[in-house]
Amino acid sequence: MIKGTVLDFAIIVFYFLFILGFGTFFGRYVKSTKDFFFGGQRFSWWLIGFSCVATTVGSYSFIKYSAVAYQYGFSSTMTYLNDWFILPLFVFIWLPIIYYSRITSIPEYFERRFNSTTRTISVIILLVYLLGYIGINLYTIGVAFNAMFGWDVMVTAILISFVCAVYMHAGGQTSVIMTDLAQALMLLTAGFLVFFLGIEKIGSLSAFWKSLPYEFKLPFSPFNKPPDFNFVGIFWQDAFGSSMAFYFMNQGILMRFLSVRSPRDGRKAMFLVCLVLMPLAAFAVANAGWIGHSMQNLGLLPVGSDPNHIFVDVAFSITKPGIFGFIMAALIAALMSTIDTLINGVAAIGVNDIVKKITPDKEDTFYLKWARTISLAAAVIGVALVPLFMQFKSIYLAHGTFIAAVTPPMIVTIVFGILWKRYTTKAAIYTLILGSIAMLISIKWPVVLTFLSHGVAPEGLQYLRALYGLIVCTAVSIGATVLSKEKELSNIPGLVVDTIHEGKVLFKGGEPDDFDEGKIVHCYIAETSEGVSLSTKMMEYLQAKPGDILYIADERWWLGGLRSIHTKAGIPHQGVDNVIFLGTDLIKQGNLDVNRKVTVIKII
């Protein structure tokens, strides 16, 4: 049965056109590969936070977690609330390392930390991970559209990938971040709207609660059952295999945090994501399953509904024409906000780790053209992978199996690389190669997972593949390092936790002075031939000196840093205190306007 009215279809079409135009509009701010991949490193923490949530919550999230919530209850949220485990490691170690070292891609980190061989291996693994992630998102939205309109899964995947590729081709990371803000607000609103309309349909919050069985209300699944959704398997798969991968090896997310104006803003963004937005998102994406189970028990929904269709079925049954179209548009928003990030990540690796290696020392415009071409190719390959994921019996199983099979070797290598200075190049190579082989063996012969069963039934062992990968790769890393005669690497400033200060020195080109970051001055731009000059009084207030890195941004906070620039402070002037003299080229580069009021912050 086709669900929706002409009004619903019109809203979905309008959304497609709006996001296509909105994303393409920001192509005007893309003048270089730095803009295309990192948005000029200019954005505010709150914008990055919302953008990260939009990326994390893909179309598969609504479909996948609603299905799990429909089957197992409130324990569905335990898969989304484990990011706090990795919060300290990310904000205090990984983020400063990649930011101050000016890392453009994760494979680049591997070459600078180890050698070119590890870079090549990591390129292969990361491309498999990112392209596969694109494919599974396209598959999920295809399932949703099939439930709504009866459309073929592949037709839907082709249509959605085309729209994403077009605005990504134009605007790169800037388009991703700005469209993700709108899409994050939209998908959170839609998720909460489903809950409130569902409660209204049921009659009351009390009736909803009483209609659910006791075991459905528990926050966690039993330790080792049911086979399809047990605590021990989900913890290792989602906390290690999924969340760790998302923040430590997902090139798209890495680029998102490299788009912030400073590491301090990156920390704020991460805290916003983990402590505020992700709990809201966990509720937003799962509650349709709880509502669906309650409605089924109350006779408001047919018994035995397909879990993969429960989100669409519930949304259709509780909404009026127009509202259903908005919620389905939010589902599309969730998909597009994830895929655009992944496509941008593939383009970054393609340019920085392949094209620049083959054809070095070209003009930046050459690489920008390649970035846009690779973005289109990534969308095409993602569509081609959809049939692979269609072979799994559920979206949750497809997503979990793929992530757990690909990510452990990279995660373990990154963690040891940033924490253990003694960790050797040979150990990294062995971990990436032998770890990947071990993961393939676990897929071909799942029996190797039985020693980790924790009492889980055989059909649930696939959820313990991430733990298996962690154990095997950790053993290889430690064993190869301890047994290796290779000397400890010494020329790795800023790439290991105890060398972060050296990375700051290289980032600034002098001794860092970042303890007083946060003081702000407000002034007007006056154009000069070149350079930057604040008044002596403003420099004293900022506790800045010539050579310190400043962040200059349009004072309109709601732009989120879209009009801004980083530059080094010059010799102070003795003129008016509320004027900053800024070179013509810097004004143009930062999309700033003469006589417009700006804020100035000392970064380091």
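FYI, the numbering just counts along the sequence from 1. Side chains included, hydrogens not; waters and symmetry mates left out as well; all remaining heavy atoms used.
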Exam field: side chain [X] to backbone [Y], donor-acceptor pair closer than 3.5 Å:
X: Arg102; Y: Phe507; result: yes
X: Asp265; Y: Trp45; result: yes
X: His454; Y: Val232; result: no
X: Asn352; Y: Ile349; result: no
X: Thr499; Y: Gly494; result: yes

Audit row: Phe389, Ile136, side-chain contact (heavy atoms from CB on, under 4.5 Å) steps and yes/no: CA-CA 6 Å; Phe389 295 109; Ile136 201 166; 4.0 Å; yes

Would a 4.5 Å heavy-atom cut-off, applied to side chains only, mark [X] and [Y] as touching?
X: Leu342; Y: Asn250; value: yes
X: Val153; Y: Val386; value: yes
X: Val346; Y: Leu131; value: yes
X: Cys52; Y: Met278; value: no
X: Val276; Y: Phe271; value: no
X: Tyr100; Y: Pro263; value: yes
X: Lys426; Y: Phe114; value: no
X: Ile343; Y: Leu130; value: no

Check: Phe257 ring centroid to Phe90 ring centroid under 6.0 Å: yes

For the ring pair Trp94 and Tyr109, is the centre-to-centre distance below 6.0 Å? yes

Which atom pair, heavy atoms only, marks the closest approach of [X] to [Y]?
X: Glu502; Y: Pro493; answer: OE1-CB, 3.4 Å
X: Asn224; Y: Asn230; answer: C-CB, 3.5 Å
X: Gln251; Y: Ala348; answer: NE2-CB, 3.8 Å
X: Val273; Y: Pro279; answer: O-CD, 4.2 Å
X: Ser76; Y: Val68; answer: CB-CG1, 3.9 Å
X: Ala347; Y: Ser375; answer: CB-OG, 3.6 Å

Test side-chain contact (heavy atoms from CB on, under 4.5 Å) on Leu95 and Met270 and set out the steps. CA-CA 10 Å; Leu95 178 61; Met270 190 63 173; over 6 Å; no

At what distance, to the nearest 0.5 angstrom, does [atom1] of [X] lie from [atom2] of [Y]?
X: Leu272; Y: Trp46; atom1: CG; atom2: CH2; answer: 11.0 Å
X: Lys504; Y: His501; atom1: NZ; atom2: NE2; answer: 8.0 Å
X: Leu258; Y: Ile98; atom1: CG; atom2: CD1; answer: 4.5 Å
X: Leu464; Y: Phe235; atom1: CG; atom2: CZ; answer: 12.0 Å
X: Thr413; Y: Leu432; atom1: OG1; atom2: CG; answer: 4.0 Å
X: Ile103; Y: Glu108; atom1: CD1; atom2: CD; answer: 4.5 Å

Pairs satisfying side chain to side chain donor-acceptor pair (under 3.5 Å), at least one member in residues 463-481, at least two apart: Tyr423-Ser477, Thr431-Ser477, Ser442-Arg465

For a side-chain contact (heavy atoms from CB on, under 4.5 Å) check, start with the C-alpha distance between Ile234 and Ser221, then their side-chain angles and the critical distance, and finish with the verdict. CA-CA 9 Å; Ile234 298 305; Ser221 291; over 6 Å; no

Given Ile106, Leu89, Thr407, the one that forms side chain to side chain contact (heavy atoms under 4.5 Å, CB included) with Phe248: Leu89

Candidate list Leu452, Leu449, Val472, test side chain to side chain contact (heavy atoms under 4.5 Å, CB included), partner Leu467, passing option: Leu452

List for me each residue that meets salt bridge (charged side-chain N to carboxylate O under 4.0 Å, His left out) alongside Lys357, sequence neighbours excluded, and say none if there are none. Glu111

Distance-only donor-acceptor pairs under 3.5 Å for side chains of residues 120-129, two or more places apart:
| residue | atom | partner | partner atom | Å |
| --- | --- | --- | --- | --- |
| Thr120 | OG1 | Ser116 | O | 3.1 |
| Ser122 | OG | Thr118 | O | 3.1 |
| Ser122 | OG | Arg119 | O | 2.8 |

Does the side chain of Asn115 come under 3.5 Å of the side chain of Thr425 through a donor N or O and an acceptor N or O? no

Tyr367 ring centre to Lys356 NZ or CZ under 6.0 Å, with the angle to the axis within 45°? yes

Verdict with reasoning, Lys362 to Trp370, per side-chain contact (heavy atoms from CB on, under 4.5 Å): CA-CA 11 Å; Lys362 295 286 187 177; Trp370 265 106; over 6 Å; no

Can you tell me if Phe416 has over 12 outside heavy atoms packed within less than 6.0 Å of its CZ? yes

